[in-house]
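We count ligands from 1, going down the list as the structure has it; atoms in each ligand are counted the same way. None of the values given here were measured: they were computed from a predicted structure. Residue numbers count from 1 along this sequence.
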Amino acid sequence: MQAADYITLEERFGAHNYHPLPVVLTKGDGVWVEDVEGNRYMDMLSAYSAVNQGHNNPRILAAAHRQLDRLTLTSRAFHNDQLGPFCEQLAQLTGMDKILPMNTGAEAVETAIKAARRWAYDIKGVPENSAEIIVCSNNFHGRTTTIVSFSTEASNQRGFGPLTPGFRVVPFGDIEAFGQAINANTAAFLVEPIQGEAGVLIPPTDYFPRVRELCSTNNVLLMADEIQTGLGRTGRLFACEHEGIRPDIYVLGKALGGGVVPISAMAASKEVMDVFDPGSHGSTFGGNPLACAVAREALNVIMDEGLPARAEAHGKVFRSRLQGLIGNGIVGAVRGRGLLNAVDILPQAGAARGFCERLRSAGILAKETHQTIIRFAPPLVLSSADLEWALDRIEMVLSAS
Ligand SMILES: *Cc1c(COP(=O)(O)O)cnc(C)c1O
């Protein structure tokens, strides 16, 4: 079968809920992927930051194979010998007391929402069914009916009502608006430390320290959705470290599974996590031994190979070279932290999608977000030579319309 045949099959038998670039991938190795025609590309999306450790990372694959040969799924009706060590390791890395494993990012966000609501009723003393959670405009936290209820993107929401109540939206980065949105029923603030899907939007310098202060003085839980920004992507293990703050809850996913399995988690204090009692929450696959074994090694790779520091160093090179293109009639802005970066394409230069198609022809896979922004987020394992190779090509494509 040719690439076109696979695409036709997907279009004919698959739902049309995505608009992928017309490339059919069949192999991966580190920062590289190969399509069914034998073309090689550098993957500069990394499955939306889910393959920080690189495709087919040999250490993670070996851990997966070892666990595949032993035990893969027990449900939580029984204990398994991978869940405890996984929770211990992630608790230590996050500096939190307790971990609740789920599968997808959206499920971990849902878990945090449930925790915050129950905490509001059981601990804070908010009247039943009145808890409010503050979120930001242009947020992305996943695709469940409750999560899309507080999206500000019409396409995420249209036709999916009735929407879940209990959320209040404030502009990202506006500390006054945040302060004004807090009231006696506020349970939590759910926020991305950098808004990834919105186009890698970086908060103003003193925003998060003041958010932390307002949350603490008003007894509001600060819930950091680090599903995309966490685990080294932004040049720190967690993007909150750039802000010098510690949230009350970390929500993690994506790279936690090392690009091999879906696994997500909520990390929190004992006080918050203890609102869950047996029967109150769960997941058949959550905490399964295969995912836990893979996640343990995925975390080991991030720490042993110093991936946050690599992201930090490579990110500086990436931005300083591409900032040289600003003013060329195509590139409007370059921003990011570590290896989570975005380039704004000026409207008069054409749609970002066209540039992504030309990048693809030049051997680079990247994806537009919001028509005018291209996000660049390669696996953190890329070498300096890989980076120079990519920058040469990106410069070429973003210099000629
Ligand atoms: C990807 C993402 C999610 C949703 O994760 P899924 O695994 O796709 O459900 C939530 N929040 C952020 C910030 C994300 O980037």
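Comparing heavy-atom distances from atom 10 (C) of ligand 1 across Glu192, Lys254, Glu110, His141 singles out His141 as nearest.
Side chains of Asn156 and Arg143: a donor on one and an acceptor on the other come within 3.5 Å. Using a 3.5 Å distance cut-off with no hydrogens or angles, the side chains of Glu110 and Thr144 do pair a donor with an acceptor.
Note: Ile364 CD1 to Ile394 CD1 = 4.5 Å, rounded to the nearest 0.5 Å. Note: Cys87 SG to Asp97 CG = 12.5 Å, rounded to the nearest 0.5 Å.
Below 4.0 Å from some heavy atom of Asp225 lie the following atoms of ligand 1, by number and element: 10 (C), 11 (N), 12 (C), 13 (C). Set against the non-hydrogen atoms of Ala106, the atoms of ligand 1 under 4.0 Å away are 4 (C), 5 (O), 6 (P), 9 (O).
Classification of the His281-Phe276 ring pair by plane angle, with boundaries at 30° and 60°, yields parallel.
Note: no N/O pair closer than 3.5 Å links Glu197 and ligand 1 by distance alone. Every N/O-N/O distance between Ile227 and ligand 1 stays at or above 3.5 Å.
What sits closest to atom 6 (P) of ligand 1 on the protein, heavy atoms only, is Gly105 N, 3.5 Å.
The protein does not reach atom 8 (O) of ligand 1 closely, with no heavy atom under 4.0 angstrom from it.
For Phe140, heavy-atom contacts with ligand 1 shorter than 4.0 Å involve the backbone as well as the side chain.
Shown here is His370, whose NE2 atom has more than 12 heavy atoms of other residues, nucleotides or ligands within 6.0 Å.
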